[in-house]
Amino acid sequence: PEPRGECSRELQEKFEELHRKKTEMGMDYNKIIQNKKAFRNPSLYEKLILFCDIDELGTNFPPELYDGHLFGKESYYEELAKAQKEEMDRREKALEARKKSGDNRVKTESVPVVSRKSK
């Protein structure tokens with residue numbers, strides 16, 4: 001919903017000036033920010049999230065339309081990366097064990113082939 005009331009004249013003038021610079025002078029504020037050395041710091045993102053108390057899974061939609069907290073932690077990058085690393089470590093240990101036992105064949109896991117029936 002649109003906010004009630006009006007913003008201060010000072011704020012309105014600031015936005016008008018920024019918009020004028022963008023349209024008349026072609027200023028690209030995303031590029032300006034990306035080119036600043038201070039913004040290349042990888043830990044800056046996490047600090048901003050904490051400082052601004054941002055809910056990364058939040059949304060502007062009402063919960064009955066979309067709830068960003070609906071998915072479990074296993075659906076997000078950290079848990080997926082952890083599970084992938086555990087699986088790769090397990091496979092590497094199994095390969096090392098086979099090599100130690102004298103089995104130098106590289107075993108690949110087979111993937112079942114599913115054929116499509118033509119119509």
Side-chain angles (χ1 to χ4, degrees):
E2 189 173 317
R4 296 179 188 174
E6 295 182 18
C7 66
S8 69
R9 185 70 203 141
E10 193 176 272
L11 182 60
Q12 183 65 36
E13 287 172 358
K14 184 173 184 172
F15 276 106
E16 287 172 0
E17 177 65 17
L18 292 172
H19 185 263
R20 186 188 64 73
K21 286 181 179 178
K22 180 177 179 172
T23 55
E24 293 175 11
M25 301 166 69
M27 292 183 76
D28 184 346
Y29 292 101
N30 284 330
K31 286 194 186 218
I32 292 170
I33 291 171
Q34 290 169 0
N35 289 332
K36 289 188 178 209
K37 185 177 180 184
F39 283 91
R40 290 189 213 138
N41 182 349
S43 66
L44 181 66
Y45 176 78
E46 188 174 335
K47 288 177 185 176
L48 282 171
I49 296 298
L50 293 172
F51 178 77
C52 297
D53 194 29
I54 295 173
D55 178 7
E56 292 182 89
L57 306 177
T59 176
N60 289 332
F61 292 112
E64 58 274 3
L65 186 59
Y66 177 78
D67 183 2
H69 297 278
L70 189 65
F71 303 101
K73 65 181 182 177
E74 69 280 352
S75 298
Y76 295 100
Y77 174 78
E78 290 84 10
E79 288 298 316
L80 291 171
K82 182 179 170 185
Q84 184 179 25
K85 183 180 180 337
E86 289 171 357
E87 178 63 18
M88 293 305 291
D89 289 347
R90 183 191 67 77
R91 289 182 182 193
E92 192 173 305
K93 285 180 184 175
L95 180 62
E96 288 176 17
R98 280 197 306 276
K99 284 182 181 178
K100 283 183 182 177
S101 69
D103 185 0
N104 290 328
R105 294 176 289 156
V106 177
K107 182 179 178 185
T108 58
E109 295 186 19
S110 62
V111 177
V113 176
V114 178
S115 62
R116 276 196 229 172
K117 293 182 181 179
S118 59
K119 291 183 178 182

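For the numbers below, each heavy atom of this structure counts, side chains included, while hydrogens, waters and symmetry mates do not.
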Trace of the side-chain contact (heavy atoms from CB on, under 4.5 Å) decision for Lys82 with Glu86: CA-CA 6 Å; Lys82 182 179 170 185; Glu86 289 171 357; 3.5 Å; yes

Apply side-chain contact (heavy atoms from CB on, under 4.5 Å) to residues Asp55 and His69 and explain how you reach the verdict. CA-CA 10 Å; Asp55 178 7; His69 297 278; 2.6 Å; yes

Before giving the answer on side-chain contact (heavy atoms from CB on, under 4.5 Å), spell out for Leu80 and Glu74 the whole-Å C-alpha distance, their side-chain angles and the decisive distance to 0.1 Å. CA-CA 6 Å; Leu80 291 171; Glu74 69 280 352; over 6 Å; no

Stepwise, does the side-chain hydrogen bond (donor to acceptor under 3.5 Å, both in side chains) test hold for Glu56 with Tyr45? CA-CA 11 Å; Glu56 292 182 89; Tyr45 176 78; 2.6 Å; yes

side-chain contact (heavy atoms from CB on, under 4.5 Å) for Leu95 and Arg91? Distances and angles first, verdict last. CA-CA 6 Å; Leu95 180 62; Arg91 289 182 182 193; over 6 Å; no

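Salt bridge absent: Lys93 and Glu96 never bring a charged side-chain N and a carboxylate O closer than 4.0 Å.
Note that CE of Met25 is 6.5 Å distant from CZ of Arg20, once rounded to the nearest 0.5 Å. Atoms CD and CD, from Glu92 and Glu87 in turn, are 12.0 Å apart once rounded to the nearest 0.5 Å. In this structure, OG on Ser8 lies 10.0 Å from NZ on Lys14, to the nearest 0.5 angstrom.
Across every non-hydrogen atom of Ile54 and Leu48, the tightest pair is CD1-O, 4.4 Å.
Note: Phe71 and Tyr66 have tilted aromatic rings, judged against thresholds of 30 and 60 degrees for the angle between ring planes.
Glu13 CD: more than 12 foreign heavy atoms inside a 6.0 Å radius. Counted within 6.0 Å of CD on Glu17, heavy atoms from surrounding residues, nucleotides or ligands total more than 12; the atom is thus considered enclosed. Applying the 6.0 Å contact sphere to CZ of Phe15 captures no more than 12 heavy atoms from other residues, nucleotides or ligands. Remark: Gln84 CD is loosely packed, at most 12 non-hydrogen atoms of other residues, nucleotides or ligands lying under 6.0 Å away.
Hydrophobic clustering (ILVMFWY, side-chain heavy atoms < 4.5 Å, transitive): Leu44 and Phe51 are in distinct clusters. No path of Ile, Leu, Val, Met, Phe, Trp and Tyr side chains, each step under 4.5 Å between heavy atoms, connects Leu57 with Tyr77, placing them in separate hydrophobic clusters.
No donor-acceptor pair under 3.5 Å is formed between the side chain of Asp67 and the backbone N or O of Pro63.
Between Leu18 and Lys22 the shortest side-chain heavy-atom distance does not fall below 4.5 Å.
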